[in-house]
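First up is the structure itself, then whatever we jot down about it.
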Amino acid sequence: MAAAAVVQIPVGATFLKTFKKSFVDVPIDAEKGNAISTAEFLEAAESLTTMFDVLGSIAFTPVKTDMLVNVEKIRKRMLAAPLASQNIQDLVRNELKTKSHTATEGLLWLVRGLEFTCIALSKNINSTEELANSFRGSYSETLMRHHSFLVKPIFSAAMGACPYRKDFYAKLGDDEQKVQEELREYLAALDKIVYILKGFLESKEAKW
C-alpha cells in the first residue's frame, strides 16, 4: 500500500492548521462530569491520524488503520443512536445497556492509541532525542502490554522507520517556534481528553 500524500500546508501556517478538527476545539462540559462531545472528538481523532503520514513511512499504515477502524466503530454507534450518543460517556453508557460493547471496546483501543501518540510527541518536543526513541519509550509505557507477540513487531517496524527529528518538525511548518507553540497547545488538549477518558473507561459504568 502506498503512503498517503501529505497535505499541503498554507504559507505561514503549520500542519496542525490543516486538521479538520483539533483537540483544542473539542467541547468538554465540566458541568456534566467532563462530558466530551462525540462528533468533534471523532473528527479530531481522524485528523490526528494524518500525523502518521508526516512520519512518512508505510510502516505506520497499520497504526493509522487501527485508529481509524476504532473511530468508525464509535461513529456507527453514534449514528445509530444519535440522541443517546451526544457525548462519549453517554454513548458508552447507553451502548452497554443494550448488552453490546463494540463501540466501547473501540473507544478503549482508540484512547490507547491516542495516549501512545500523545506521550511520544510530548516526550520528543520536550527533549532533543530522536523520534524513534520517543515512540519506543511511549510504546513501552502504553500499548506494549496490551499487544500480542504478533502485533509487537508491526509497531516496532513503524517506530524504527521514524524520520529524523529535524526533518519531522520541518514538515510541520517553516516557522519552528510557531510549530512548537501550536504542538504544545495541541498535546496539552489531547492529554486532558485522554486523562478524562482513561478515568471513565476504568470506572465501573464503562465495564462490560
Checklist entry - Do the side-chain N and O atoms of Asn124 and Tyr169 include a donor-acceptor pair separated by under 3.5 angstrom? => result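 Looking only at side-chain atoms, Tyr169 and Asn124 do form a donor-acceptor pair, the distance falling under 3.5 Å.
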Checklist entry - For residues 183-203, which residue pairs qualify under salt bridge (charged side-chain N to carboxylate O under 4.0 Å, His left out), counting only residues two or more places apart or in two chains? => result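 Every pair satisfying salt bridge (charged side-chain N to carboxylate O under 4.0 Å, His left out) with a residue in residues 183-203: Glu115-Lys198.
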For residues 70-84, tabulate all N or O donor-acceptor pairs below 3.5 Å that involve a side-chain atom, not counting sequence neighbours.
from, atom 1, to, atom 2, distance (Å)
Asn70, ND2, Asp66, O, 3.0
Glu72, OE2, Arg75, NH1, 2.7
Arg75, NH1, Glu46, OE2, 2.9
Arg75, NH2, Glu46, OE1, 3.2

What I'd like to find out is whether the side chain of [X] reaches to under 4.5 Å of the side chain of [Y], using heavy atoms alone.
{"X": "Glu43", "Y": "Phe19", "value": "no"}
{"X": "Asp53", "Y": "Lys64", "value": "yes"}
{"X": "Asp175", "Y": "Thr14", "value": "no"}
{"X": "Leu48", "Y": "Met67", "value": "yes"}
{"X": "Leu114", "Y": "Phe41", "value": "yes"}
{"X": "Phe23", "Y": "Ser47", "value": "no"}

Considering residues, nucleotides and ligands other than [X], do more than 12 of their heavy atoms fall under 6.0 Å from its [atom1]?
{"X": "Lys207", "atom1": "NZ", "value": "yes"}
{"X": "Glu205", "atom1": "CD", "value": "yes"}
{"X": "Lys152", "atom1": "NZ", "value": "yes"}

Has the side chain of [X] got a donor or acceptor atom that lies under 3.5 Å from a matching backbone atom of [Y]?
{"X": "Lys178", "Y": "Gly12", "answer": "yes"}
{"X": "Glu176", "Y": "Ala170", "answer": "no"}
{"X": "Glu182", "Y": "Ala13", "answer": "no"}
{"X": "Asp25", "Y": "Lys21", "answer": "no"}
{"X": "Ser203", "Y": "Phe200", "answer": "yes"}
{"X": "Ser37", "Y": "Pro27", "answer": "no"}
{"X": "Glu130", "Y": "Tyr164", "answer": "no"}
{"X": "Ser138", "Y": "Ser134", "answer": "no"}

From [atom1] ([X]) to [atom2] ([Y]), nearest 0.5 Å:
{"X": "Leu131", "Y": "Lys166", "atom1": "CG", "atom2": "NZ", "result": "11.5 Å"}
{"X": "Asn87", "Y": "Thr38", "atom1": "CG", "atom2": "OG1", "result": "5.5 Å"}
{"X": "Thr49", "Y": "Met51", "atom1": "OG1", "atom2": "CE", "result": "10.0 Å"}
{"X": "Phe135", "Y": "Thr117", "atom1": "CZ", "atom2": "OG1", "result": "6.0 Å"}
{"X": "Phe52", "Y": "Thr50", "atom1": "CZ", "atom2": "OG1", "result": "9.5 Å"}
{"X": "Ile88", "Y": "Ile28", "atom1": "CD1", "atom2": "CD1", "result": "11.5 Å"}

In one Ile/Leu/Val/Met/Phe/Trp/Tyr side-chain cluster, 4.5 Å: [X], [Y]:
{"X": "Leu96", "Y": "Val111", "answer": "yes"}
{"X": "Ile119", "Y": "Ile125", "answer": "no"}
{"X": "Leu68", "Y": "Val194", "answer": "no"}

Which of parallel (below 30°), tilted (30 to 60°) and perpendicular (above 60°) describes [X] and [Y]?
{"X": "His147", "Y": "Tyr139", "value": "tilted"}
{"X": "Trp208", "Y": "His101", "value": "parallel"}
{"X": "His146", "Y": "Trp109", "value": "perpendicular"}

Next on the checklist: Testing the basics here: between Ala206 and Thr104, what is the closest heavy-atom pair and its distance to 0.1 Å?
Outcome noted: O-CG2, 3.9 Å
Item to check | Minimum heavy-atom distance Gln89-Ile196, with the two atoms named | outcome: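 For Gln89 versus Ile196, the nearest heavy atoms are NE2-CG2, 3.8 Å.
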Item to check | Residues in ring-ring contact (aromatic ring centres under 6.0 Å, His included) contact with Phe168, at least two apart in sequence or another chain | outcome: none
Item to check | Cationic N near anionic O, under 4.0 Å, Glu129 to Lys123 | outcome: no
Checklist entry - Passes side chain to side chain contact (heavy atoms under 4.5 Å, CB included), Leu16 versus Leu183? Steps please. => result CA-CA 7 Å; Leu16 293 174; Leu183 188 56; 4.2 Å; yes
